[in-house]
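Remarks on the structure that follows.
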Protein chains: 2
Amino acid sequence: MLPGVGVFGTGRTVRVLIPLLREQGFPIQAIWGRNEEEAESFAKELDIPFFTSQSDDVLLHPDVHLVCIYTPPPHTRQIAVKALGIGKNVVSEMAASCADALQMVAAARYYPQLLSIMANALRFLPAFVLMRKLIEEGYCGALQVCEARVYGGSLLSQSYSWAWEELMGGGGLHIIGWCIIDLLSHLIGSHAVRVHGILRTFMRRAGPGIRSVTSDDYACFQMLMSGGVVCSVTLNFNLPGSTHHEVMVVGSSGHLAVRGTELWGHRHGDTREEHLLSDNSAAGPAVRGLIAMVTQLRLAFETQKDRCSWERPPVAMAASFEDGLYVHTVVEAVKRASRSGEWESVELATKETQSNHIQHTVSQ
Amino acid sequence: MLPGVGVFGTGRTVRVLIPLLREQGFPIQAIWGRNEEEAESFAKELDIPFFTSQSDDVLLHPDVHLVCIYTPPPHTRQIAVKALGIGKNVVSEMAASCADALQMVAAARYYPQLLSIMANALRFLPAFVLMRKLIEEGYCGALQVCEARVYGGSLLSQSYSWAWEELMGGGGLHIIGWCIIDLLSHLIGSHAVRVHGILRTFMRRAGPGIRSVTSDDYACFQMLMSGGVVCSVTLNFNLPGSTHHEVMVVGSSGHLAVRGTELWGHRHGDTREEHLLSDNSAAGPAVRGLIAMVTQLRLAFETQKDRCSWERPPVAMAASFEDGLYVHTVVEAVKRASRSGEWESVELATKETQSNHIQHTVSQ
């Protein structure tokens, strides 16, 4: 049986997500907006029976058993941790900081029977699912290099919002980079050990007023992975009208590349690239991935006898909250590297090191 | 009148260059090979009247007034400096080191009436000539980012040669990277101030035998230019069967991209990229550039009364030996950065710092 869904957030992704959830049979029971007016107009527009700006009202709603968190990053941790505490299943976008991500991990570990996954839809994109399978089967041989490039228009809203502020989780590295960082470690099966990078804010003003933008619109960073693979990622959101989304994996005996939503491959000795997966949908990788993710969510819930239960296999490829913490750690290491100009180590925070760090800070 | 040409080297580029020179009317008078047999068989194959393995025999040949140097890098400096000293015009590929490049600069400065250009054919490629013009005219607005990517198969010969050895000027960074580094500074009109990079040798064995490869087959480096532009370059020669050659320049109001030999552009507000220069030739950028370079060389010489004289305008876009020294300095800084893991400054060697450095080394 499919659970009722409570959705947090009223942004662009949510506008795409809600119809997709309904298509798969999920009843949308409640919506949360940052204020009553926003929530009400959104609920009216999308025909949602309950709206509120109080997060508890959604979390305690008796018909909500799956919570989808697509809020500005600073809200994410609080809602996710509370939702799990109340016994709701959670799909969540990225939090604002490592500290927040660590609390989410703690909550997820405490309630292992509840679904707790990060909403990186790229992991579900069929082209990446097949790419990962082929990598495992040795299509590329020994992996050497991964390259990812995402180009597009500005991620900023016309009026001032959290996306303008680096410290609130704005910027290409945080918003798009986290999906790519998570995807790359998922595809090649190893974690970043050291990172180096350049972040820039070329567009310092996005609209009228005195506020200036602090979040990055250009990121170029390299990750040295534990297995020796070199990953290089370029994100550029100063290309309005362009949409380029490419991930290439190069190995000793061939390469694989996902361009948009299609997969191409080339084995040494072949005369040209082979088209391994075509896709006729007009949707880009993010939306196409979302469609696949929602389908897998349905499969995880529909065979169960009650609305709270789910089974793992259909969502086994999803990013866990642990993966989310890892990605946060990489994102913060890239930010440090951009400031220091040096290679920065990726050291995963644990509860212990976290409290040690606080103690250390306090004792100084 | 077109000068007689003496060619140094018997490699792949020379096999392309000689027919192109002849097409434009240049008589090929002499060829130099590393040994007599190589020179003889090459001369026979390409119908060249004089062959030798003694460089002086070409340089002192009375019918040679233009010397094209396409030797392994360790030979380049000696031949170039001597050629200018004897009063011959010189087109040269890159030397093996900064010290060599500096001596070439000194010779070129001493004989300003002689032609002395670096053989970076990419500067002559019509797509890059137009790209540079459009950048100057403000097509992109204020420049922000340049990206260059070159993918291809191995640059190594099956049997051991200089190309296997980093110290002899082998490797993707040295062989292909120098053209790209030179091209980028030419396109955007500024020099690298600091560089960072990763070099790798994934293919450590190129053939049978005990020798292992020390030259890079993967390079990923970033250059911060004096005007604030960020350049990012990726070279990967572990992609046999693929040929990808792309240079993209992104600015505040649009972008330009040369893919292969064609130019594309996009101004903010347009619905899609415009095709600014098409090219029906099957040749890739290197050969297509060579065709254009040889044509410009003809134009520089043909209007003159004697075989030694030339005029500057047709070859004004060529890289000077000073440009060659700059590129060498960047290449060596990238190598340092790859070893140190830090941003390295690009400090152009001058005669003074060079001799100071030697003194310093000796006195230690």
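In the text below, chain A, chain B and the rest are named by the order of the sequence lines, each starting its count at 1. Note that these values count all heavy atoms, side chains included, but never hydrogens, waters or copies made by symmetry. Not measured: the values here are computed from a predicted model.
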Contact residues of residues 182-195 of chain A (partner chain B; heavy-atom separation under 4.5 angstrom): none
If you count heavy-atom pairs within less than 4.5 Å of chain A, which of B:Val145, B:Asp270, B:Leu224, B:Ile198 leads? B:Val145
B:Arg12, CZ atom: more than 12 neighbouring heavy atoms under 6.0 Å: no
Quick one: which residues of residues 225-255 of chain A reach chain B at under 4.5 angstrom, heavy atoms only? A:Val230, A:Ser232, A:Thr234, A:Asn236, A:Asn238, A:Leu239, A:Pro240, A:Gly241, A:Ser242, A:Met248, A:Val250, A:Gly251, A:His255
I need the residue from A:Gln222, A:Glu273, A:Arg200 with the largest number of non-hydrogen atom pairs under 4.5 Å to chain B. A:Gln222
Walk me through it: do A:Leu143 and B:Phe202 pass the test side chain to side chain contact (heavy atoms under 4.5 Å, CB included)? CA-CA 10 Å; A:Leu143 298 187; B:Phe202 287 111; over 6 Å; no
Parallel, tilted or perpendicular: which describes the rings of A:His196 and B:His196, with under 30° parallel and over 60° perpendicular? parallel
Against chain A, label B:Gln144 side chain, backbone, both or neither, depending on which of its atoms sit under 4.5 Å from a heavy atom there. both
Using a 4.5 angstrom heavy-atom cutoff, name the option from B:His266, B:Glu342, B:Arg272 with the most pairs to chain A. B:His266
